[in-house]
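Quick note on labels: first sequence line is chain A, next is B, and so on, each numbered from 1. Predicted, not measured: the structure shown is a model, and the values here were computed from it.
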Amino acid sequence: MSSTKSNDKNIFALVDCNNFYVSCERVFNPFLINQPIVVLSNNDGCIIARSNEVKALGIPMGAPFHHYQHTLLQKGVQIYSSNYQLYGDMSERVMNSLKIFSPDVEVYSIDEAFVKFKYSNRRNYYEYLRTIKNSIFQWTGIPVSVGLGPTKTLAKIANSLAKKSKIEHIYDLSSPSTQIETLENIQVENIWGISKRWGAKLRLIGIGNALQLRNASPQKIRKYLGVVLERIVYELRGVSCLDIDQIQPRKNIMVSRSFGNPINNLTDLEQAISLYAVRACEKMRSQSSRAQTVYTFLRTNSFSKKNKQYSAGIMSGFNNPCSDTGYILNIVKKNLSQIYKEGYLYHKGGVMLVDLVPDNVHQRNLFERYDYQRSDSRMSAVDGINRKFGPGTIFYAAAGLKKDGDWQSRTHHLSPRYTTKWGELPHAY
DNA sequence: TCTGGGGTCCTAGGACCC
DNA sequence: TCTGGGGTCCTAGGACCC
């Protein structure tokens, strides 16, 4: 690495929302503050967010809801279905708030972001992080934890320590001496990018904590485990290998769900899968892309021991990149009837739009000239109306006629979409 | 009864070409 | 009969993330 002048150096903060889904629910229902709450995955299947009170009860992340339902009710835990409209909107507010502090923000997931700053040894970063944290809370109502380090990997580690420090939720890992003290207490499996399998391999060669990995030979690590791990070694040393990624369009877009109840007929499957295809197409157009291929798949419940198992999928390429819902729906339905076999209980299915390209690139097929104009104006009219008057105002008959199919996700504990004006009213319960 | 839904990157190996 | 060596592209699958 060439020597970088200190005034060229950067520093990274990782800002992570505390118990994000739970915090979103609390913003609009202050009664929930200090109450134990869980938020469930689609279909009310797993526990995917827990308030601190619930974590203290020893309820694990990702656990099947039905295993703990009894305990949760007994302890008076408030239970919520996922409300992604609400969480997505709150996420956007947090991210926009961060951009006030730096233009270099990478939205890493719905609840966390990296923020890059120019490094200056005269700046009091701890105070600055506190300002960020307090501002986000004041502007959005969402509490966050902030970790700081010279690389993204170290910022990640700092963040995990910030979350543990119950008082300030801030951890500054910018100084090399702090790094050395801290890394010794971080297990390799807890480093960003290293999970159980690689952790086990590292332990085989005597590397059990982050300090040992930092001190390992990058060349050897590369030879033994590959370039990704080598980068982590450098990152732990404070040599930045991973820069901020500005939001890039997705290369694939998938919409799939487990059905609320198993499906045993093609008609219901067509409705469900068509609905997912429509959603996928909307997502695709909202990032200004077109797909070159669509993948349609189906599967039975692999957890079930008594039912026959079957799983199938089919890829279809298009002649021209396509973003037209009607066209894609036709192909998906055709493919579905090809993979559908009678006599099975289907549990999950979905659609993936593959090999997305920007919609302004007209890499036309040599022999076929496709006129995008009519399709594009039709699609933008549909999207515009649905944006203005609410999702599903205009819909495809294939996907929407029977709105109450019993295959639809179970969401028995849904909160209102407080922030998205045109959302439907919540279920009464 | 009941077990989420998305994504990314890297590598090995096959197909194909000269 | 004998059957090289190197390059590129693509795909499937593995590993990881939230």
> Look at all strands and tell whether A/Leu40 reaches a base, only sugar-phosphate, or nothing, counting heavy atoms closer than 4.0 Å.
nothing
> Classify A/Gln69 by what it touches in the nucleic acid, base, sugar-phosphate, or nothing, heavy-atom distance under 4.0 Å.
nothing
> Using atom CG of A/Asn307 as one end and atom C1' of B/dC2 as the other, report the distance to the nearest whole Å.
14 Å
> Is there a side-chain contact between A/His347 and the phosphate of B/dC2, meaning an N or O under 4.0 Å from OP1 or OP2?
no
> In this structure, how many angstroms lie between the C1' atom of C/dC18 and the CH2 atom of A/Trp192, rounded?
11 Å
> Round to a whole Å and report the spacing from NZ of A/Lys152 to C1' of B/dT8.
12 Å
> Under 4.0 Å between any heavy atoms, over every strand shown, what does A/Arg279 touch: base, sugar-phosphate, or nothing? Just pick one.
nothing
> How long is the straight-line distance from CD of A/Gln338 back to CG of A/Leu298, given to the nearest 0.5 Å?
12.0 Å
> Pick base, sugar-phosphate or nothing for A/Asn42, based on heavy-atom distances below 4.0 Å to the nucleic acid.
sugar-phosphate
> Scan A/Phe65 against the nucleic acid and name what it touches under 4.0 Å (heavy atoms): base, sugar-phosphate only, or nothing.
nothing
> Distance check needed: B/dG4 P versus A/His413 NE2, whole Å only.
16 Å
> Using a 4.0 Å heavy-atom cut-off, does A/Asp44 contact any base of the nucleic acid, only the sugar-phosphate backbone, or nothing at all?
nothing
> Would you mind reading off the distance between A/Asp111 atom CG and B/dG4 atom P, rounded to a whole angstrom?
20 Å
> Output all residues satisfying side-chain contact (heavy atoms from CB on, under 4.5 Å) with A/Arg130, sequence neighbours left out; order by chain, then residue number.
A/Tyr126, A/Glu127, A/Asn134, A/Glu168, A/Ile170
> Could you write out each protein N or O paired with an N or O of nucleotides 10-14 of chain C at a distance under 3.5 Å?
none

> If I take atom CD1 in residue A/Ile48 and atom P in nucleotide B/dG5, what distance separates them, rounded to the nearest angstrom?
10 Å
> With a 4.0 Å cut-off on heavy atoms, is A/Ile110 in touch with a base, just the backbone sugar-phosphate, or nothing at all?
nothing
> Starting at atom CD1 of A/Ile253, determine the distance to atom C1' of B/dG5, rounded to an integer number of angstrom.
14 Å
> Just the rounded figure in Å: distance from P of B/dT1 to CG of A/Asn43.
16 Å
> What nucleic acid atoms does A/Ile47 come within less than 4.0 Å of, heavy atoms only: base, sugar-phosphate, or nothing?
nothing
> State which residues pass salt bridge (charged side-chain N to carboxylate O under 4.0 Å, His left out) with A/Lys333; sequence neighbours excluded, sorted by chain then number.
none
> Does OP1 or OP2 of C/dC17 have a side-chain N or O of A/Lys156 closer than 4.0 Å?
no
> Answer with base, sugar-phosphate or nothing: what part of the nucleic acid does A/Lys201 contact at a heavy-atom distance below 4.0 Å?
nothing
